[in-house]
Amino acid sequence: MDNLDIRTVTGGPLEVNTYVVGLGGGQECLLIDPGAEFASVEGAVCGRTVTAVLLTHAHFDHMLYARPWLERGAKLYVHELDAPAAAGRRAAARERCHPGGRP
């Protein structure tokens, strides 16, 4: 069985952790909660193909830093309750989470 290769990149405006996860020696990886600058994460990707971006929550920083990877063909995975926000429909997300748009 191959070992997991997990790398952590800290950065972005909120200094959050982006996780790069792949199999040791594999040619593909995925990102979890991207929030660091593209160039920094690209260094940890090490030439592998990013096939997926997993968001554990749809905060603005993760959605913003996911974009370059999605434009390169990665698939986005997010919980169904965060899907409207990830799709850019913030008002719909507020309404779904807080009827009437109020917390």
Side-chain angles (χ1 to χ4, degrees):
M1 181 175 193
D2 292 325
N3 292 324
L4 282 180
D5 175 26
I6 302 172
R7 299 169 189 225
T8 305
V9 181
T10 304
L14 301 178
E15 287 293 311
V16 299
N17 292 328
T18 299
Y19 299 96
V20 180
V21 181
L23 292 177
Q27 298 302 309
E28 298 177 340
C29 63
L30 63 86
L31 304 180
I32 301 174
D33 288 337
E37 292 78 8
F38 179 84
S40 297
V41 176
E42 187 176 39
V45 166
C46 297
R48 295 175 288 183
T49 300
V50 175
T51 58
V53 174
L54 172 66
L55 300 183
T56 62
H57 55 284
H59 285 171
F60 79 94
D61 55 334
H62 301 308
M63 293 188 298
L64 176 68
Y65 287 102
R67 180 165 293 158
W69 302 103
L70 301 177
E71 291 172 351
R72 288 166 174 76
K75 293 183 180 181
L76 178 65
Y77 294 90
V78 62
H79 189 276
E80 65 183 27
L81 293 178
D82 282 327
R89 297 186 298 272
R90 288 181 175 76
R94 269 196 309 276
E95 181 63 30
R96 186 170 183 170
C97 294
H98 305 288
R102 297 180 183 185

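Side-chain atoms are counted along with the backbone in the values below, which use heavy atoms only and exclude waters and symmetry mates.
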Q.
Tell me every residue that passes ring-ring contact (aromatic ring centres under 6.0 Å, His included) with H59, counting only those two or more places apart in sequence or in another chain.
A. H57
Given side chains that start at C-beta, do those of [X] and [Y] come closer than 4.5 Å, heavy atoms only?
X   : Y   : answer
V50 : R72 : no
C29 : R7  : no
I32 : L30 : yes
V41 : P34 : no

To check you understand the geometry: which heavy-atom pair defines the closest contact between [X] and [Y], and what is its length?
X   : Y   : value
A52 : A74 : N-CB, 3.9 Å
P13 : Y65 : CD-OH, 3.4 Å
L64 : P68 : O-CD, 3.7 Å
V9  : A36 : CG1-CB, 3.9 Å

Hey, could you give me the [atom1]/[atom2] distance between [X] and [Y], rounded to the nearest 0.5 Å?
X   : Y   : atom1 : atom2 : result
L4  : L23 : CG    : CG    : 6.0 Å
L14 : F60 : CG    : CZ    : 4.5 Å
H79 : L54 : NE2   : CG    : 11.5 Å

Q. Does R48 use its side chain to pair, donor to acceptor, with the backbone of V45 at less than 3.5 Å?
A.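 Such a contact is found between R48 side chain and V45 backbone.
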Q: Please confirm whether the backbone N or O of G12 pairs with a side-chain atom of E37, one donor and one acceptor, at under 3.5 Å?
A: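 At least one qualifying donor-acceptor pair exists.
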Q) Do V16 and H62 pass the side-chain contact (heavy atoms from CB on, under 4.5 Å) test, and can you show the C-alpha distance, the side-chain angles, and the key distance before you say yes or no? A) CA-CA 9 Å; V16 299; H62 301 308; 4.1 Å; yes
Q) Are W69 and L76 co-members of a hydrophobic cluster defined by side-chain heavy atoms under 4.5 Å apart? A) yes
Q: Only pairs at least two apart or in different chains count here, so list each side-chain hydrogen bond (donor to acceptor under 3.5 Å, both in side chains) that has a residue in residues 14-25.
A: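 Matches after skipping sequence neighbours: T10-N17, N17-Y19.
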Q) Who passes side-chain hydrogen bond (donor to acceptor under 3.5 Å, both in side chains) against T56, sequence neighbours left out? A)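 Applying side-chain hydrogen bond (donor to acceptor under 3.5 Å, both in side chains) to T56 gives D33.
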